[in-house]
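One structure is given below, encoded as structure tokens.
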Protein chains: 2
Amino acid sequence: MSDVGIKDVAARAGVSPGTVSNVLNRPEKVSPATREKVEAAVRELGFVRHGSASTLRAGHSKTIGLSVIDIGNPFFTDVTAGVEEVASDLGYAVILSNSAGSRAKEERNLLVLAEQRVRGVLITPSDEDPARLDRLRERGISVVLVDHPAHRPDQCSVAVNDIGGGMTAVRHLMERGAKSIVYVTGPLTIRQCLDRRAGAERAYGRPLRVVEMGTMNPRAGQQAAEKLLSEGDLPDAVFCANDLLALGLMRDLTHAGVRVPDDVALVGYDDIDFAAASAVSLTSVRQPTHQLGRVATELLLDECDNPATHAHQQIMFQPELVVRESTR
Amino acid sequence: MSDVGIKDVAARAGVSPGTVSNVLNRPEKVSPATREKVEAAVRELGFVRHGSASTLRAGHSKTIGLSVIDIGNPFFTDVTAGVEEVASDLGYAVILSNSAGSRAKEERNLLVLAEQRVRGVLITPSDEDPARLDRLRERGISVVLVDHPAHRPDQCSVAVNDIGGGMTAVRHLMERGAKSIVYVTGPLTIRQCLDRRAGAERAYGRPLRVVEMGTMNPRAGQQAAEKLLSEGDLPDAVFCANDLLALGLMRDLTHAGVRVPDDVALVGYDDIDFAAASAVSLTSVRQPTHQLGRVATELLLDECDNPATHAHQQIMFQPELVVRESTR
DNA sequence: TGACCGGATCAGAACGTTTCAATCCCGCTC
DNA sequence: GAGCGGGATTGAAACGTTCTGATCCGGTCA
């Protein structure tokens, strides 16, 4: 059992507990000689600060919360990695929670985070309702929206321009000569899917033919291919709301004798690791996911640590088109 | 600012703080009438328990730590999802840390976890040295090893049988008639890569030709393909230490006119989402990753909550071969 | 009637830090 | 040698819970 506390250290070093605390938190305030004595005692006793006591007294903790919609999704995984990197560098612990798209679970998770008195929360909200987040902020917990633009100016957010991404993809297809383009997407209740369509249609100049699938995995892509094939009327190009859809689609088109890109050009979204390595490498829209996580965390911690000077920012990253064989 | 504490609730409900605490922690101990009064007060005041104070007094927290080697890796992502699921169901918060393969970073992260006084730690150790973990356990923090078998009987662990997985893969290739088999792998300093080779060779009956790459992504797979092609002497079958290697390899073999599976059969490992949807779908060895995370967490929380009756277990899951076109 | 019982409630002391006003000590100046 | 200034150090209060032993109260039994 770890029962060595700050006063054991104090006793060992022959100083008062207050001094030990100073060594721990404001080393510059204490003379080098005593500092060394204390540090030695800490080492000898294997003292580890009791975070809860510290949080309780100081009124704020060294933890932040991260609430994502789907841990399994590589997009969030990359974001999470960026978050962890920055947080851990600054000595913060990250409490991870997965709302799995369920509003109830998100609510429960936020409660747990509030109980832990996290310093702030990074959240990809599972719906548009800002009430829960306001309640957090009333509690003095800063909130930064991730992958979701803030509606209000007193709120930080980082997001990626999905409209722009959709435009870029379709503009590229059109420059390549595509006349009829289909948009294959996941549920249109998802903001990303909607925004990408909006951008795509803006570039296209009129409504796109849309194939909407319930999920966004390769299997759904294959089903989308079947649908297109059975309907006969093949487009010259397909824009998919994510790479998994695109790759599944590509596979079944190819199996059916349709050549990519000669018969049908194809653009995906996310630029997952494997996009570059599929049989016909996939043109895709890459998002700076890792960066998204890093910047969000930096904003959050700045808001926490320098509340006076902190300026709220709504950052919008621009995605980048990576051209490969599927549109060449 | 959230400054409503247990005594505000007590005042509002006209009871003592102790009673409120009882309502929160042992509702059965308090009469229905007062319980209701207190619950109403909690609701009206929007009271949220201060976790740190609670931890401080009670001596244990409602958090566990999870330390993985590489958050970005889908294997760990799935494990993490399983962990989060169970923990959150039981009201535990998960503190995530990523050692990124660096022993120093792992050490720092474990210190942070110790400061947070986590109840226990799930860890995929970045090396074999058990000293750090012993130090944690001396502090009363339970430890469960993830994806790494425990050497000692007084230690829980969950792992997947990589030797068995390697055997299964190669046995399958041999049954299919393969005579010369190559093992394409990541760094052989990684236990998984080593174990899979060991199993593979056990099935093969003699040493395998090995192509060792520095990383385990599709690009490395493509480089491995180039190497095999340039050396001329193509095998009948390749077993890859993971799917990304296998898919990259497949792509470049196919581009070079080598037919899969007719000229070269191919087995990957991990059964990632995309294995089923590549141009030639990939035979792969699937691991119960999600399950791994769930069971590990259940073991840990059992060890924490029922230290008396808890029996340490070393669980070894068996992977499963999923046969697809690349070996048909 | 009074002693006794048991369940519900209470009061107050912890838990291990941080904070802040108070104190100490030392070298300087006059 | 007294007085002063200022950096280093101290000691005790406070943070919001939980826990423990004590108290209260209504009812039962002799």
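Please read all numbers here as calculations on a predicted model, not as lab measurements. So you know, we letter chains A, B, ... as the sequences are listed, proteins then strands, and number each from 1.
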Among [options], which nucleotide sits nearest the side chain of [X]?
X: Leu56(B); options: dT18(D), dC15(C), dT9(D); result: dC15(C)
X: His50(A); options: dT17(C), dT10(D), dT18(D); result: dT17(C)
X: Ala58(A); options: dT19(C), dT10(D), dC10(C); result: dT19(C)
X: Ala53(B); options: dC10(C), dT18(C), dT17(D); result: dT17(D)

With no hydrogens and no angle check, do the side chains of [X] and [Y] hold a donor and an acceptor under 3.5 Å apart?
X: Thr77(A); Y: Asn73(A); answer: no
X: Asn161(A); Y: Gln318(A); answer: yes
X: Gln287(B); Y: Asp147(B); answer: no

Who pairs with [X] by salt bridge (charged side-chain N to carboxylate O under 4.0 Å, His left out), at least two apart in sequence or on another chain?
X: Asp8(A); answer: none
X: Arg12(B); answer: Glu44(B)
X: Glu303(B); answer: none
X: Asp70(B); answer: none

Would you please name every residue forming a side chain to side chain contact (heavy atoms under 4.5 Å, CB included) with [X], sequence neighbours left out?
X: Glu36(B); result: none
X: Ser61(B); result: Thr55(B), Thr63(B)
X: His290(B); result: Ala81(B), Glu85(B), Arg294(B)

[X] [atom1] to [N] [atom2]: how many Å, rounded?
X: Lys7(B); N: dT18(D); atom1: NZ; atom2: P; answer: 13 Å
X: Gln116(B); N: dT17(C); atom1: CD; atom2: P; answer: 13 Å
X: Ile6(B); N: dC19(D); atom1: CD1; atom2: P; answer: 11 Å

Problem - DNA chain C-proximal residues of residues 21-45 of chain A, any heavy atom under 4.0 Å - result: Ser21(A), Asn25(A), Arg26(A)

Could you list, one pair per line, each protein nitrogen or oxygen that sits under 3.5 Å from a nitrogen or oxygen of nucleotides 12-14 of chain D, together with the distance?
{"from": "dA14(D)", "atom 1": "N3", "to": "Arg57(A)", "atom 2": "NH1", "distance (Å)": "2.9"}

Fill in the blank from the handout: Protein heavy-atom contacts under 4.0 Å, written 5' to 3' over nucleotides 21-28 of chain C as B (base), S (sugar-phosphate only) or - (none), form the string --------

Practice task
Examine dT10(D): is either OP1 or OP2 under 4.0 Å from a nitrogen or oxygen in the side chain of Ser16(A)? Give yes or no.
Solution key: yes

Problem - Residues forming a ring-ring contact (aromatic ring centres under 6.0 Å, His included) with His312(B), sequence neighbours excluded - result: His310(B)

Handout entry: Electrostatic pair Arg103(B)-Glu107(B), nearest N-O below 4.0 angstrom
Key = yes

Problem - Rounded to 10 degrees, the angle between the two terminal axes of the helix from dT1(C)-dA30(D) to dC30(C)-dG1(D), each from five pairs - result: 70°

Handout entry: Side chain Ser102(A), main chain Lys105(A), donor-acceptor under 3.5 Å
Key = yes

